[in-house]
There are 2 protein chains.
Amino acid sequence: MNAYLISIGDELLIGQTVNTNASFIGEKLTDLNIKVKKSSVIGDDENAILSEIKLADESADLIIMTGGLGPTHDDITLKTIAKYFNTELIMDNEVLSDIKEFFKKRGRELNKINEEQALVPKIAKPIRNENGTAPGSWIERNKKIFISMPGVPGEMKGMMENYILSKLIEIMEKKSVVILKKNLLTTGIPESNLFLALGDLDEILEGEKLAFLPNQFGVKMRITVTSNTQQEAEEKLSLIEQRIRLKVGRYIYGKEDETLESVVGRLLSERGLTIAVAESCTGGLISSRLTN
Amino acid sequence: MNAYLISIGDELLIGQTVNTNASFIGEKLTDLNIKVKKSSVIGDDENAILSEIKLADESADLIIMTGGLGPTHDDITLKTIAKYFNTELIMDNEVLSDIKEFFKKRGRELNKINEEQALVPKIAKPIRNENGTAPGSWIERNKKIFISMPGVPGEMKGMMENYILSKLIEIMEKKSVVILKKNLLTTGIPESNLFLALGDLDEILEGEKLAFLPNQFGVKMRITVTSNTQQEAEEKLSLIEQRIRLKVGRYIYGKEDETLESVVGRLLSERGLTIAVAESCTGGLISSRLTN
């Protein structure tokens, strides 16, 4: 399954807000073996939203939109979704009572504009919002899923965790593609030398994928294999890992989310050894990390 | 001038990295009155990059790409740009000597892969990289500007600040469009009530723009006016601000980047007053912010 994320909001384009929603959703989808093909940010503009939904509709199975669901004139996402699907917005009574409850709890008066937040596209299943007033929408059409959520991170995360992820897990379990990933962590060798030391990547990978992800402590190699069964995927992954270790094993200190200091710490305590650190330019960084 | 940002890298799609580059560039361009129309994230995939450059080329005047300039096989941005423009990559001697210098300073050996980082599209003006090895590229074609930079934030920011922004300022100064913005900060009124209290927005704005940007302390209203002269833009902005203050002035506590506590502090010291705070659920937050 392929996904396309659309984040809607001028505040993202002008750099006032960093798009943490896209990375949150991207990470969650990746965990479910859903491939995020593209992620885009557009403004609160009808033509921009329409053409972006069309692009996404043409290229992905799952389209997740965030933002533009607020109560004011510049929030036009739902109206535009209704236009795209040639449907209308209707008042949802369950959502309306959620909104009334939300206001009652906070001792605030409900106005006409707040009530209008209970409007959802007629063809959508509303997604309840436990942390705000605007509901989400789940629309299925031509075997594709379109989800719209608020842009406020807390509200979006609530919907993902309380509803959307479990629905997507159900859907993915019916599919038979297995994607496995493994991270091998290296240090002490620059990215370009690591790449050269591996030699012919096609021979190692046989069509599977390897990414080099450098950071200040070293280079992470991420292997990704795709298969029809769990067993075949595990075998492929293990074979590729062996081939890589054969070439550059001496630079690999750990795997997945291990840190250099935790590996050093584990090796020391396994051997019953202690460590003394004399630091100058690092200002105690090594001691600090080892202590953690 | 319209801009389209393209961020290239699988690590952004899978949520491993938050796309702070797009917000940094978005903010800088907005400061120069360049309108960011769209920002997208795609993977290190030739077809995805080609079709994204085409989309951007069709819809914006300035296309800024970041990422995919590293030394390994998964970094294919430059090769793909060369393919899009039907040109070739050539070795740039100035860039090559920069790279040699970079390695010499760090006492590292230069390998073949590192040398290849001096390859730039034949039609591009290379942009020197003071914080890394991969150069940027500045390409002009059919009155459009295409810029490619590394995805490493420090390298990208160096290129923006040392070269790109001053070139863009020169270009914008030749154009005669003036865009002015003003932020009015409100508190004590929810977004929807503020919107209702303003009444007919068309009457207030006469074609200019107003955005509502809520956060935990209140709602920021951002007015944006566009005009041919500085004077006309200032007059429009002032007129719209007056109309807004007439309707909801009592909720406006400040402007631009002021904070509620700094305004309270200023008013207190102007009047020679002091403040005492008794806090329970806020856990000293009010005192802490006032002290700052």
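Worth knowing before you read on, the calculation uses all heavy atoms, side chains too, and leaves out hydrogens, waters and symmetry mates. Chain letters run A, B, ... following the sequence lines, proteins first, then strands; residues in each count from 1.
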- Task: Mind ranking A:Val36, A:Thr72, A:Val18 by heavy-atom pairs under 4.5 Å with chain B and telling me who comes out on top?
- Result: A:Thr72

- Item | Structural part of B:Thr30 lying under 4.5 Å from a heavy atom of chain A | side chain

- Message: Please determine whether the number of non-hydrogen atoms from other residues, nucleotides or ligands lying under 6.0 Å from atom CD of A:Glu109 exceeds 12.
- Response: no

- Distance, nearest 0.5 Å, that separates CG of A:Asn193 from CZ of B:Arg108: 6.5 Å

- Message: Does any backbone or side-chain atom of B:Leu201 lie under 4.5 Å from a heavy atom of chain A? Answer side chain, backbone, both or neither.
- Response: side chain

- Query: Crowded around B:Asp200 CG? As in, over 12 foreign heavy atoms under 6.0 Å?
  - Reply: yes

- Task: Examine whether an atom of B:Asp75 lies under 4.5 Å from a heavy atom of chain A, and if so say whether it belongs to the side chain, the backbone or both; otherwise answer neither.
- Result: side chain

- Message: For A:Glu130, I'd like to know if atom CD has over 12 heavy atoms of other residues, nucleotides or ligands within 6.0 Å.
- Response: no

- Sort out for me which of A:Lys37, A:Glu27, A:His73, A:Glu11 touches chain B most, counting heavy-atom pairs under 4.5 Å. A:His73

- Query: Tell me, do A:Ser39 and B:Leu13 make a side-chain contact under 4.5 Å, heavy atoms counted?
  - Reply: yes

- Part of A:Ser7 within contact of chain B (heavy atom distance under 4.5 Å): neither

- Distance col, row A:Glu191:CD vs B:Ile113:CD1, nearest 0.5 angstrom, shows 10.0 Å

- Message: Please identify, among B:Pro214, B:Ser23, B:Gly43, B:Gly9, the residue contributing the most non-hydrogen atom pairs under 4.5 Å to chain A.
- Response: B:Ser23

- chain A contact via B:Thr17 - side chain, backbone, both or neither, heavy atoms under 4.5 Å: backbone

- Query: Checking heavy atoms, do the side chain of B:Asp74, its backbone, both or neither come under 4.5 Å from chain A?
  - Reply: side chain

- Query: At a heavy-atom separation under 4.5 Å, does B:Lys181 approach chain A through its side chain, its backbone, both, or neither?
  - Reply: neither

- Message: I need the residue from B:Asn19, B:Thr133, B:Asn114 with the largest number of non-hydrogen atom pairs under 4.5 Å to chain A.
- Response: B:Asn114

- Residue B:Gln16 versus chain A: region with a heavy atom under 4.5 Å: side chain

- Item | Side chain / backbone / both / neither for A:Ile14 at chain B, heavy atoms under 4.5 Å | both

- Heavy-atom distance under 4.5 Å to chain A: side chain of B:Leu55, backbone, both or neither? side chain

- In terms of heavy-atom pairs under 4.5 Å, which option from B:Ser59, B:Ala48, B:Pro71 contacts chain A the most? B:Pro71

- Sort out for me which of A:Lys112, A:Lys209, A:Glu52 touches chain B most, counting heavy-atom pairs under 4.5 Å. A:Glu52

- Message: Heavy-atom pairs under 4.5 Å with chain A: which of B:Thr20, B:Leu210, B:Ile25 has the most?
- Response: B:Leu210

- Query: Got a second to check how far A:Asp44's CG is from B:Phe212's CZ, nearest 0.5 Å?
  - Reply: 12.0 Å

- Query: Within a radius of less than 6.0 Å around CD of B:Glu256, do more than 12 heavy atoms belonging to other residues, nucleotides or ligands occur?
  - Reply: yes

- Can you name the closest pair of heavy atoms from A:Asn111 and B:Ser192 and give their distance? ND2-OG, 3.4 Å

- Item | Intermediate values then yes/no, side-chain contact (heavy atoms from CB on, under 4.5 Å), B:Val41 and A:Lys38 | CA-CA 6 Å; B:Val41 178; A:Lys38 182 169 162 183; over 6 Å; no

- Step through the shown structure and confirm whether more than 12 heavy atoms of other residues, nucleotides or ligands are within 6.0 Å of NZ on A:Lys247. yes

- Interchain contact, B:Ile42 with chain A, by part (heavy-atom threshold 4.5 Å): both

- Segment of B:Ala211 engaging chain A (4.5 angstrom heavy-atom cut-off): both

